[in-house]
Amino acid sequence: MPTIIRTCLFDMGNVLLFFSHERMCAEMGRLCGRTAGEVRAAVMDSGLQARFECGLPARDYHRLFTEAIGANVEFDALLRAHCDIFRLNEAIVPVVDALQSQGVRLVLLSNTDEAHFEHCCRRFDVLDRFDAFVASCRVGAMKPSDAIYRAALEAIDCAPHECFYTDDIGGYVERGREFGLDAETYTSVERLAADLGRRGLRVTG
């Protein structure tokens, strides 16, 4: 008897929502009079963004950023520039709705910081369809670490092989498979619909 998929585990960035760290660095640079390259060095290359995605509080992120960049930047303005980098993958919404209508549990698994996660939950109602969220900023660990996949296994509420996981980063998909998840790399909505269809889930893509 074929396995019944009871839960779908979705990455957020460049799956449900498109985003750009390059735009983030450019927007933050415009705010404080620095180049995107200078912001990238202060945020991405230094590991500060990774620390934020592992649970560093937003106020600490703001303080460390202003110290690193050597400019005074208002907290709320910085978070707006930091967060204004997402747009909805509109084509995936009917897929999510079709899964929900078939009674499939929906769980988010994302490397994301506190500000990005809260911003996306406020702005994009596609996330309202989800039953649980496994966010690195809450877990304190990022993909591909063991800890965040273990947290995902607790959230899916089914056996690992009964959960379909999709992520745009192939290495994260491979890690998911190591934990027993039925996983495929996300490349397009059409490919996702085909992957789901082969598992008995009929969706429009």
Side-chain angles (χ1 to χ4, degrees), residues 7-31 36 39-40 43-44 48-62 65 73-100 104-145 147-149 151-152 154-156 164-169 172-173 176 185-189 192 205:
T7 300
C8 283
L9 188 62
F10 280 84
D11 179 34
M12 183 168 72
N14 291 327
V15 178
L16 295 171
L17 308 173
F18 298 118
F19 81 107
S20 168
H21 279 141
E22 288 72 24
R23 180 177 176 183
M24 182 184 81
C25 292
E27 292 294 329
M28 291 169 67
R30 275 192 285 272
L31 178 66
V39 173
R40 172 170 283 279
V43 172
M44 305 300 295
L48 179 58
Q49 180 61 31
R51 291 176 63 191
F52 200 11
E53 293 183 9
C54 283
L56 181 74
R59 291 285 178 182
D60 290 342
Y61 177 82
H62 170 257
F65 173 76
V73 183
E74 196 267 335
F75 175 76
D76 289 339
L78 179 66
L79 289 195
R80 282 194 297 271
H82 177 79
C83 291
D84 189 22
I85 64 171
F86 294 93
R87 62 185 177 87
L88 178 65
N89 181 0
E90 295 181 2
I92 207 169
V93 175
V95 174
V96 173
D97 285 342
L99 292 169
Q100 186 183 44
V104 176
R105 182 174 173 82
L106 299 173
V107 179
L108 187 79
L109 174 60
S110 179
N111 286 348
T112 188
D113 62 59
E114 167 193 334
H116 282 167
F117 182 62
E118 292 179 359
H119 168 82
C120 291
C121 286
R122 287 194 304 269
R123 181 171 177 184
F124 300 104
D125 63 8
V126 67
L127 296 179
D128 294 343
R129 279 82 156 175
F130 280 73
D131 299 289
F133 301 94
V134 181
S136 62
C137 59
R138 293 180 171 181
V139 175
M142 297 171 65
K143 293 177 282 187
S145 71
I148 196 166
Y149 286 97
E154 293 180 7
I156 59 176
F164 175 81
Y165 165 46
T166 190
D167 197 300
D168 67 309
I169 298 178
Y172 297 167
V173 168
T185 303
Y186 176 86
T187 57
S188 68
V189 171
L192 174 61

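All values below were derived from every heavy atom in this structure, side-chain atoms included, with hydrogens, water molecules and symmetry-related copies excluded.
How far CZ of R129 is from CG of L108: 13.5 Å, rounded to the nearest 0.5 Å. Atoms CZ and OG1, from F164 and T7 in turn, are 12.5 Å apart once rounded to the nearest 0.5 Å. One finds the CD atom of Q49 at 10.0 Å from the SG atom of C54 (value rounded to the nearest 0.5 Å). Taking OH from Y149 and OH from Y172, the interatomic distance works out to 7.0 Å, rounded to the nearest 0.5 Å. Considering NE2 of H119 and CZ of F86, their distance stands at 6.5 Å, rounded to 0.5 Å. Taken to the nearest 0.5 Å, the CG atom of L127 stands 10.5 Å off from the CG atom of L106.
At a threshold of 4.5 Å between non-hydrogen side-chain atoms, the residues I148 and N111 count as touching. A heavy-atom distance below 4.5 Å is found between the side chains of R123 and D84. At least one side-chain heavy atom of F130 sits less than 4.5 Å from a side-chain heavy atom of V96. A heavy-atom distance below 4.5 Å is found between the side chains of L48 and L56.
Taking the ring centroids of F52 and H116, they lie at or beyond the 6.0 Å cut-off. Taking the six-membered ring for Trp and the full ring otherwise, Y61 and H82 have centroids separated by under 6.0 Å.
Closest approach of A132 and R105 over heavy atoms only: CB-NH2, 3.7 Å. V139 and A147 get closest at one heavy-atom pair: CG1-O, 4.1 Å. In terms of heavy atoms, V107 sits closest to A155 at CG2-O, 3.8 Å. When every heavy atom of C25 is checked against every heavy atom of A36, the shortest pair comes out as CB-O, 3.7 Å. Listed here is the closest heavy atom pair of C8 and L99: SG-CD1, 3.9 Å.
Between the side chain of D168 and the main chain of Y186, no donor-acceptor pair closer than 3.5 Å is present.
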Worksheet item: Does the pair D167 and L109 meet the rule for a side chain to side chain contact (heavy atoms under 4.5 Å, CB included), with working shown?
Response: CA-CA 9 Å; D167 197 300; L109 174 60; 5.7 Å; no

Under 3.5 Å donor-acceptor pairs involving side-chain atoms of residues 10-22, not counting sequence neighbours:
residue, atom, partner, partner atom, Å
D11, OD1, K143, NZ, 3.0
N14, OD1, F19, N, 3.3
S20, OG, E22, N, 3.3
S20, OG, E22, OE1, 3.4
S20, OG, R23, N, 3.0
E22, OE2, R40, NH2, 3.2

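With sequence neighbours excluded, the residues satisfying side-chain contact (heavy atoms from CB on, under 4.5 Å) with A77 are L31, E74, R80.
Residue pairs meeting the salt bridge (charged side-chain N to carboxylate O under 4.0 Å, His left out) criterion with at least one member in residues 50-62, sequence neighbours excluded, are D60-R63.
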